[in-house]
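Worksheet: one structure, shown below.
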Amino acid sequence: MSLQVVSAVSNSSLLQPGFSLLNFGGHVFFFGQKGWPKRSCPTGVFLLDIKQNELKMKPAFFSKDSCYLPPLRYPALCTLRDNAESDECQYIIHGGKTPNNDLSDKIYVMSLVSKNSKKTTFQCIEKDLGGDVPEARYGHTINVVHSRGKSMSVIFGGRSYTPLAQRTTEKWNSVVDCLPSVFLVDFEFGCCTSYVLPELQDGLSFHVSVARNDTIYILGGHSLQNNTRSPSLYRLKVDLPLGSPAVTCTILPGGISVSSAIVTQTGDTEFVLVGGYQSDNQKRLACNTIVLEDNKIEIVERVSPDWTPDIKHCRMWFGCDMGKGSVLLGIPGATKQLISDANYFYILRCKGAEEDKEEELTAQICSQTSAEDPGDSTPFEDSEEFCFSAEANSFDVDDTDTYNEDDEEDESETGYWITCCASCNIDINTWVPFYSTELNKPAMILCSSGSGHWVHAQCMDLSESMLLRLSEANVKYFCNEHVDLNKGLRTPKKVVHLKKQPMKPLGKKKTMKLSTPTKKSFLRRLFE
């Protein structure tokens, strides 16, 4: 085992406890930042590029048919493959915390669409579930089991908020252990079924689970109700016959009392367990090797790496599996760095150098990162910088530019990225400013048809001068789809006819003749 220091970079404040790492074909992607995504990376998914011990983050994109995926911390995730020999995989993501500390009960499937040196595109689909749908939670695990030619996902453990009927003002956001039920999720039909097993008495969270074929092993975990880290080791066996599935649980000896540990796969049947806590204030520095066979598990202690003094003396640590036997570890660095949210990062390699070129293996892994989140009450501050070039669709890791946080606004409002009409081509992943007045959102204008709806000015083929004129004038605007309809339904304006005075017919001019006495009196009166 070797420990490699990764140089701290300015955008490392995005990597906080609760993040997840996804490995697609040997490329590692970061998901689950603390805070809502910004304009520079609206998806919240980054490619982690590590060169010369320096960590850089390259934004990734979603395809146009993808759903919205919020940045979720402490979710449950695992890989899903068509078969054991396939190199292509998908990731299943369930639950987790949003930046508003709301809990998610949704389940997503993320797959890689395309990747080149400039751009990586994913497809994210939300799965509709029915039946015994698991409640919103975090700190749980999900695995995929295979039995009799069929596959199902298994969800277990986690924490959720206290039910509304039991909340008080003082403990409104307090969390409790979820009931120790086992959920089977059939992705083909979207059906969920819950099982209550007598061997599982207490709820667990931030435990470790590893799966092989039809068997899942659950190790460690923390129980809020008892405030204990159980040393029990559970074996769940799932049988998927033509009829109803059968789930059995067996308690095995030889477990480890640990929570928030990280597990990474180093061989076809071999895993390495690192990190975690053995008590509330004590980290677990020991490491273990886990070997799975058909119906047996063996856990043995192995030689730990040479932990640095910073790791040994820090109070907390966190991390996640990078795949292929590597783990990304982080420790707080607030006392030594200018940025308060910055952390020190290390890469722990659990395989030898000659084994790093092996192909990615197929057993399912699911582990949690940290049971403690000291920053839940701390508002997110955008003090990080991103490595991106001027063109939004041509990112290059080696060509970096300065990121100005003052240009950022919260992109949690999704009203700007609607499909405004049948010919709408505005895509949040590929949009670039079209008008000089645009900065990080497309210009929109209100169509006055019916109750009114917003459309993109660019989709309406409006020139910039016309857009400015409409924004300044107090007139109603109708989009291309409703302008003809509006003309057809418009009531003709009533024409007001002006009344004209009748003209008198022209006749002969009449002259007034005055007599001589009358003339004298008239002149006298005039000059008096």
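With R212 contributing its side chain and Y217 its backbone, the two residues share no donor-acceptor pair below 3.5 Å. Judged by distance alone, the side chain of W317 and the main-chain N or O of G276 form a donor-acceptor pair under 3.5 Å. The backbone N or O of L47 sits nowhere less than 3.5 Å from a side-chain atom of K56 that would complete a donor-acceptor pair. Between the side chain of D202 and the backbone N or O of P180 there is no donor-acceptor pair closer than 3.5 Å. Looking only at distances, a side-chain donor or acceptor of D186 sits under 3.5 Å from a matching main-chain atom of E188. A donor-acceptor contact shorter than 3.5 Å links the side chain of Y91 to the backbone of N23. Here the side chain of S223 pairs no donor or acceptor atom with the backbone of L204 at under 3.5 angstrom. Of the possible polar contacts, one joining the S304 side chain to the L285 backbone as a donor-acceptor pair under 3.5 Å is found. Side chain of K106 to backbone of L69: no donor-acceptor contact under 3.5 angstrom is found. The main-chain N or O of G35 is found under 3.5 Å from a side-chain atom of Q33 such that the two form a donor-acceptor pair.
For the 3.5 Å distance criterion, the side chains of R159 and H222 qualify, holding a donor opposite an acceptor. Counted by atom type alone, D214 and S147 present zero donor-acceptor pairs between their side chains at under 3.5 Å. Judged purely by distance below 3.5 Å, without hydrogens or angles, the side chains of R229 and S259 pair a donor atom with an acceptor atom. Between the side chains of S2 and R349, no donor-acceptor pair is found at a separation under 3.5 Å.
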Given R315 and D280, is the salt bridge (Lys or Arg N to Asp or Glu O under 4.0 Å) satisfied, shown in steps?
-> CA-CA 10 Å; R315 181 180 177 184; D280 291 343; over 6 Å; no
For L236 and I218, run side-chain contact (heavy atoms from CB on, under 4.5 Å): C-alpha distance rounded to whole Å, both residues' side-chain angles, the deciding distance at 0.1 Å, then the answer.
-> CA-CA 8 Å; L236 296 179; I218 299 175; 3.7 Å; yes
Would you please test F318 and N343 for side-chain contact (heavy atoms from CB on, under 4.5 Å) and show each step?
-> CA-CA 10 Å; F318 58 95; N343 301 298; 3.7 Å; yes
Does the side-chain hydrogen bond (donor to acceptor under 3.5 Å, both in side chains) test come out yes or no for S63 and T121, once each step is laid out?
-> CA-CA 6 Å; S63 61; T121 303; over 6 Å; no
Could you walk me through whether M57 and L48 pass the side-chain contact (heavy atoms from CB on, under 4.5 Å) check?
-> CA-CA 5 Å; M57 300 174 66; L48 293 187; 3.8 Å; yes
Worked check of side-chain contact (heavy atoms from CB on, under 4.5 Å) between I299 and I256 | CA-CA 9 Å; I299 303 176; I256 299 176; 3.7 Å; yes
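Proximity of the aromatic rings of Y74 and F206 is defined here by a centroid distance below 6.0 angstrom, and this criterion is met. Taking the six-membered ring for Trp, H94 and Y108 have ring centres at least 6.0 Å apart. The aromatic ring centroids of F122 and F24 lie less than 6.0 Å from each other.
In plain terms, the two heavy atoms of C287 and E301 that are nearest each other are O-CG, 3.4 Å. Contact detail for F31 and P71: the closest heavy-atom pair is CE1-CA, 4.1 Å. Closest heavy-atom contact between P75 and G18: CD-O, 4.0 Å. Of all the heavy atoms in M316 and P17, the pair that sits closest is CE-CG, 3.8 Å. Closest of all the heavy-atom pairs between A136 and S160 is O-CB, 3.3 Å. The shortest non-hydrogen separation linking V247 to L197 is O-CD2, 3.7 Å.
Note: W307 CH2 to L348 CG = 5.0 Å, rounded to the nearest 0.5 Å. A distance of 8.0 Å separates CG of N226 from CG of D177, quoted to the nearest 0.5 Å. Taking NE2 from H146 and OG1 from T215, the interatomic distance works out to 11.5 Å, rounded to the nearest 0.5 Å. Rounding to the nearest 0.5 Å places OG of S194 at 11.0 Å from CD of E135. Here the CG atom belonging to N53 is positioned 14.5 Å from the CZ atom belonging to F345, to the nearest 0.5 angstrom. To the nearest 0.5 Å, atom CG of residue L292 and atom CZ of residue R235 are 11.5 Å apart.
In this structure, the side chains of V258 and Y277 stay at 4.5 Å or more apart for every pair of heavy atoms. In this structure, the side chains of Y161 and L103 come closer than 4.5 Å at one or more pairs of heavy atoms. With contacts defined as side-chain heavy-atom distances shorter than 4.5 Å, the pair C320/L328 does not qualify. A heavy-atom distance below 4.5 Å is found between the side chains of D65 and Q123. For the pair Y346/I331, a side-chain contact is recorded, criterion being any heavy-atom separation below 4.5 Å from C-beta on. Contact of the P99 side chain with the R73 side chain is not registered, since no non-hydrogen atoms from C-beta on lie closer than 4.5 Å. A heavy-atom distance below 4.5 Å is found between the side chains of C314 and K283. In this structure, K58 and D49 have side chains that are not in contact, with every pair of non-hydrogen atoms separated by 4.5 Å or more.
For the pair K97 and Y138, the cation-pi criterion (under 6.0 Å, within 45° of the ring axis) is fulfilled.
Within a 6.0 Å sphere centred on CG of N100, other residues, nucleotides and ligands contribute more than 12 heavy atoms. Residue-environment remark: CG (D306) stays at or below the threshold of 12 foreign heavy atoms within 6.0 Å.
Each of I50, I262, L22 was checked for a side-chain contact (heavy atoms from CB on, under 4.5 Å) with M322, and the lone residue meeting it is I50.
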